[in-house]
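Comments concern the structure below.
Residue numbers start from 1 in every chain, and the chains themselves are labelled A, B, ... in the order their sequence lines are given, proteins ahead of strands.
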Amino acid sequence: MPRFFLTTAIDYANGEPHLGHALEKIGADTIARFHRQLGYDVHLLIGMDEHGQKVAQTAEKEGVPPQQFVDGIADLFQAMWARLGVAYDQFIRTTSPEHKAAVARLIEQIFAADVSLPEPQRNFYERSYTGMYCVGCESFKQPADIVEGKCAVHPTRTLEEVTEHNWFFRLSAYTGRLKQLFADHPRFLEPESRRNEILQLLEQGLDDISASRSRFDWGVPFPRPLSNGDTQTMYVWFDALPNYWTACFFPGYADKAAWPANLHVIGKDITRFHAVIWPAMLMAAGEPLPAQVWAHGFISLGGERFSKSAGVKLQLAEAVDRYGVDAFRYYLLRDVPFDGDGNFSWERFEEVYNSDLANTLGNLGSRSIAMIEKYRAGVVPAAAPDAELFAAHDASLVQARAAVDGDRRYRPHEVIGALMDVARRTNEYIQRTQPWVLAKDPAHAAQLDSVLVTLEASLATCAAWLAPVMPEKMQALWAQLGGAGDVARARLDQRIDVAGWTVTKGAPLFPKPDAPPGA
RNA sequence: GGCUGGGUAGCUCAGCUGGUGAGAGCGCACGACUCAUAAUCGUGAGGUCGAGGGUUCGAUCCCCUCCCCAGCUACCA
């Protein structure tokens with residue numbers, strides 16, 4: 001069985017999970033579920049990035065030791081993932097001893113490689129760095145961020161010229177190899193818009209980056225002391241990025257999380273770290289590279305750019321409660337293209353819920369199951385589904401497959417679109433064949449059989465293909481259709497044989513909001 | 001400022017290397033049907049394909065200029 005090891009960005013532990021986190025995790029979870037149903041041995045890695053100055057500061061503000069603080073945040077995130085049906089296989093935390101040990105190991109691996117290099121080419125070297133430090137931001141400012149000699153964010157404070165002595169990583173040495181990587185593997189970074197940005201960056205040439213910090217200690221100690229004897233803390237990205245690699249050093253995960261990963265799902269804002277720094281680190285360590293990095297877009301709220309203040313406007317719990325988890329997952333994935341940005345609005349949510357879920361899909365289930373019950377006592381006839389209709393369906397499924405496991409990957413919204421085509425086409429088919437007319441004349445029994453199997457088979461296809469998006473609802477549909485066991489085990493690359501299944505009409509799958517529940 | 005990607009029906013968007021009448025979904029209007037969650041099916045409304053110019057027998061798709069939007073322009077993550 002082919003492996004499919006995918007990861008999401010580990011979330012920075014200085015706040016509660018919000019809509020942006022949810023989009024990425026639901027997207028990755030759905031991609032993972034699709035692959036499970038396509039016969040891959042899937043490993044989905046998720047986790048928390050828990051080190052760094054900001055986390056330490058936030059913890060201090062809360063008056064809690066940092067470890068205790070991040071423990072609490074991790075609980076919040078895991079509870080949210082459970083709520084959203086994000087079925088990860090491994091949850092990594094950068095504060096765990098296994099991770100810290102493995103990070104040190106990766107760094108040492110780079111030092112080991114350095115031994116054979118002449119000094120001017122070594123990956124890690126010590127260097128003094130002088131920059132303008134803003135006390136308000138507690139960080140160094142780049143020239144572009146400085147306005148009239150002051151930090152743009154804190155114009156009342158004076159910038160201090162500060163010199164730090166750190167470990168540096170010779171990122172500049174990888175410009176050529178990275179260019180080669182992008183040339184040899186055009187799909188290493190997608191979508192294309194993000195790839196273009198990185199190509200431009202590489203064209204400019206890369207600067208070395210610092211790999212350790214002296215100003216705080218909430219992190220992994222850099223494994224080697226400086227020549228002056230000081231031990232510094234690793235720059236958070238040097239601690240965070242390797243999580244994908246350190247995952248396999250946790251007990252029980254040696255095989256499941258074996259490096260390299262097939263896919264890193266990340267947000268477009270951290271493209272550079274994943275498409276430049278991380279590959280360079282791996283090259284330095286002599287490790288294989290991940291097959292692909294996918295940078296998804298952002299979701300805004302009511303047209304406004306997502307921000308901490310905006311985050312208050314939408315409680316995830318509220319969004320989930322309104323129409324249920326699965327409808328929330330569906331809405332996000334359907335309305336936010338995974339290769340671009342999208343917007344969240346309750347108006348759209350309602351439109352999509354009513355139109356796609358209640359009217360098109362839900363009602364298709366209701367009417368089909370009702371007819372099988374009424375005309376055939378609930379037993380699906382042993383006939384062949386309509387060949388012409390299924391030829392059209394199959395064409396849709398080819399598109400769907402391409403959007404998760406082919407040329408168009410990874411675009412769950414296109415999978416959804418293809419399956420809605422299947423549902424709409426099936427509703428159309430009902431209108432065209434008019435089974436209620438066929439039912440009136442026993443002479444048309446065979447024809448009616450054919451129509452009913454076709455409906456059942458179409459619905460089973462929808463249930464199987466949409467299960468990754470809406471696990472619970474599609475399980476319910478599957479059960480109503482009389483499918484055995486778990487819909488999540490239904491293979492997407494095989495035709496589902498529905499002959500002989502016994503349907504059971506239950507409550508509407510997607511009740512209208514104003515309808516009494518269960519009506 | 002530089003670079004990248006965009007500006008197509010009320011909304012969200014498809015339109016590969018230029019060519020018979022510019023599309024889909026939603027929304028809207030009208031009609032049909034009754035199996036179904038007042039759901040479904042059909043029809044329609046006719047949008048200067050951002051603006052101007054150019055190349056061409058012919059451009060939404062090629063070139064130039066301009067306007068507008070978004071992103072990137074490196075050590076917060």
Side-chain angles (χ1 to χ4, degrees), chain A residues 9-15 49 51-55 57 129 131 134 137-142 144 153 166 168-169 171 191-201 203-213 235-238 240 267-273 276-277 295 297-298 300 305 334-337 340-343 345 347-348 351-352 354-375 413-414 417 420-421 424 426-439 451-452 455 505 507-516 519:
Chain A
I10 49 176
D11 297 306
Y12 199 54
N14 71 339
D49 178 11
H51 292 306
Q53 192 171 18
K54 276 193 180 174
V55 168
Q57 281 169 359
Y129 172 87
C134 171
C137 297
E138 300 203 42
S139 66
F140 286 95
K141 305 311 280 184
Q142 298 303 301
V153 188
N166 303 125
F168 265 70
F169 178 71
L171 186 63
E192 206 177 350
S193 51
R194 302 277 88 85
R195 173 184 150 83
N196 287 340
E197 285 174 10
I198 297 301
L199 288 178
Q200 184 201 342
L201 175 72
E203 224 33 65
Q204 292 168 12
L206 301 171
D207 295 335
D208 294 346
I209 56 172
S210 57
S212 69
R213 291 291 138 90
Y235 171 41
V236 273
W237 277 105
F238 274 79
K268 63 181 184 180
D269 55 330
I270 51 175
T271 305
R272 154 164 315 169
F273 298 94
V276 174
I277 299 177
F298 288 151
S300 58
R305 178 92 187 258
R334 132 91 209 236
D335 236 37
V336 183
D341 299 333
N343 183 48
S345 83
E347 292 69 30
R348 277 295 294 169
E351 267 178 29
V352 166
N354 284 323
S355 166
D356 284 13
L357 296 180
N359 296 349
T360 301
L361 182 60
N363 184 52
L364 173 63
S366 293
R367 64 197 306 211
S368 301
I369 291 169
M371 287 191 279
I372 294 169
E373 283 196 334
K374 191 178 283 188
Y375 306 142
H413 61 288
E414 292 188 0
M420 285 313 295
D421 286 344
R424 274 190 288 271
T426 307
N427 273 322
E428 205 179 303
Y429 172 80
I430 293 177
Q431 185 64 28
R432 190 166 6 106
T433 54
Q434 305 203 340
W436 53 91
V437 173
L438 297 176
V451 170
L452 296 178
L455 299 187
K505 181 156 185 178
L509 235 41
F510 302 102
K512 291 292 181 65
D514 50 4

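Side chain of A/Asn427 to main chain of A/Thr360: a donor-acceptor pair is present (N/O by atom type, distance under 3.5 Å, no hydrogens or angles). Between the side chain of A/Asp208 and the main chain of A/Leu171, a donor-acceptor pair closer than 3.5 Å is present. A donor-acceptor pair under 3.5 Å is formed between the side chain of A/Tyr12 and the backbone N or O of A/His51. Using modelled atom types, no side-chain atom of A/Asn363 and backbone atom of A/Ala358 make a donor-acceptor pair closer than 3.5 Å. A donor-acceptor distance shorter than 3.5 angstrom exists from the side chain of A/Ser300 to the backbone of A/Gly342, with no hydrogens or angles considered. Side chain of A/Asn14 to backbone of A/Val55: no donor-acceptor contact under 3.5 angstrom is found.
Look at CG on A/Asp356: it is 19 Å from P on B/C11, rounded to the nearest Å. Here B/A14 presents its C1' atom at 17 Å from CE of A/Met420, a figure rounded to the nearest Å. Atom CG of A/Leu199 and atom P of B/C72 are 16 Å apart (whole Å). Atom CZ of A/Arg334 is separated from atom C1' of B/A24 by 11 Å (rounded to the nearest Å). What separates CD of A/Glu197 from P of B/G2 is a distance of 17 Å, to the nearest Å. For the pair A/Glu351 CD and B/C11 C1', the computed distance is 7 Å after rounding to whole Å. The nearest whole Å value for the distance from the CG atom in A/Leu452 to the P atom in B/C35 is 13 Å. For the pair A/Tyr429 OH and B/C35 C1', the computed distance is 14 Å after rounding to whole Å.
Looking at heavy-atom distances under 4.0 Å, A/Leu509 makes contact with a base. Nucleic acid contact for A/Gln200: base, since at least one base atom lies under 4.0 Å from a heavy atom of the residue. A/Phe273 comes within 4.0 angstrom of a base, heavy atoms only. Within the 4.0 angstrom heavy-atom criterion, no nucleotide atom of any strand lies near A/Asp11. Base contact: A/Gly362 has a heavy atom under 4.0 Å from a base atom. In this structure, A/Gly340 reaches neither bases nor backbone, as no heavy-atom distance under 4.0 Å exists between it and the strands shown. Among the heavy atoms of the strands lying under 4.0 Å from A/Ala358 is at least one base atom, whether or not backbone atoms are also near. A/Arg213 comes within 4.0 angstrom of a nucleotide base, judged by non-hydrogen atoms across all strands. Using a 4.0 Å heavy-atom distance criterion, A/Ile369 is classed as making no nucleic acid contact.
B/A39 and B/U34 are spaced 10 Å apart, taking the C1' atom of each and rounding to whole Å. Between B/G5 and B/C62, the distance separating the two P atoms is 12 Å to the nearest Å. Distance check on atom C1': B/C16 versus B/U73 gives 32 Å, rounded to whole Å. With both ends at atom C1', the span from B/C63 to B/C30 equals 46 Å, rounded to whole Å. Using C1' as the reference atom, B/G50 and B/C76 are 38 Å apart when rounded to the nearest Å. Only the P atoms considered, B/G25 is 12 Å distant from B/G44, to the nearest whole Å. Nucleotides B/C61 and B/G23 are separated by 14 Å at their C1' atoms, to the nearest Å. Comparing the C1' positions of B/C49 and B/A24 gives a spacing of 15 Å, expressed to the nearest Å.
For the pair A/Lys268 and B/G71, the criterion of a side-chain N or O lying under 4.0 Å from OP1 or OP2 is not met. The phosphate of B/A77 has OP1 or OP2 within less than 4.0 Å of a side-chain N or O from A/Tyr235. Regarding contacts with the backbone of B/A36, every side-chain N or O of A/Lys505 stays at 4.0 angstrom or more from both OP1 and OP2. Contact annotation: A/Arg194 does not reach the phosphate of B/U4 (side-chain N/O to OP1 or OP2, under 4.0 Å). Side-chain N/O atoms of A/Lys374 include one lying less than 4.0 angstrom from OP1 or OP2 on B/A36.
Nucleotide B/C16 forms a pair with no other nucleotide shown, judged by Watson-Crick or G-U wobble geometry with both contacts under 3.5 Å. Across all strands shown, B/C61 forms no Watson-Crick or G-U wobble pair with both distances under 3.5 Å. Summarising the base pairing, B/G44 is matched to B/C28 through a Watson-Crick or G-U wobble pair whose two defining distances lie under 3.5 Å. Both distances falling under 3.5 Å, in either a Watson-Crick or a G-U wobble arrangement, place B/G71 opposite B/C3. Of all nucleotides present, none satisfies the Watson-Crick or G-U wobble test against B/A77 with each distance under 3.5 Å.
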I'd like to know whether A/Lys374 forms a side-chain contact (heavy atoms from CB on, under 4.5 Å) with A/Lys505, so could you lay out the CA-CA distance, the side-chain angles of the two residues, the decisive distance to 0.1 Å, and finally the verdict.
CA-CA 11 Å; A/Lys374 191 178 283 188; A/Lys505 181 156 185 178; over 6 Å; no

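Between A/Asp207 and A/Leu357, the one whose closest nucleotide on RNA chain B sits nearer the 5' end is A/Leu357. Position along RNA chain B of the nearest nucleotide to A/Leu201 versus A/Phe510 favours A/Phe510 as the more 5'-ward residue.
Side-chain atoms of A/Tyr12 lie closest to B/A77 of the nucleotides B/C26, B/A77, B/C72. Each of B/C41, B/A36, B/G5 was ranked by its minimum atom distance to the side chain of A/Glu428; first place goes to B/C41. Nearest to the side chain of A/Ser366, among B/C76, B/U37, B/A74, sits B/U37. When distances are taken from the side chain of A/Asp341 to each of B/C35, B/C75, B/A70, the shortest belongs to B/A70. Closest to the side chain of A/Val236, out of B/G42, B/C76, B/A36, is B/C76. Of all nucleotides listed (B/U40, B/A74, B/A77), B/A74 comes nearest to the side chain of A/Arg272.
Between A/Phe238 and A/Phe169, the ring planes lie perpendicular to each other; the angle is over 60°, past the 30° to 60° tilted range.
Contact of A/Asn359 with B/A39 (side chain to base): no donor-acceptor pair of N or O atoms is detected under 3.5 Å. For A/Ser210 and B/C75, a side-chain-to-base donor-acceptor distance below 3.5 Å is present, hydrogens and geometry of angles not being considered. Side-chain atoms of A/Asp49 and base atoms of B/A77 include no donor and acceptor less than 3.5 Å apart.
For A/Gln204, the CD atom sits in a packed shell: over 12 heavy atoms of surrounding residues, nucleotides or ligands are nearer than 6.0 Å.
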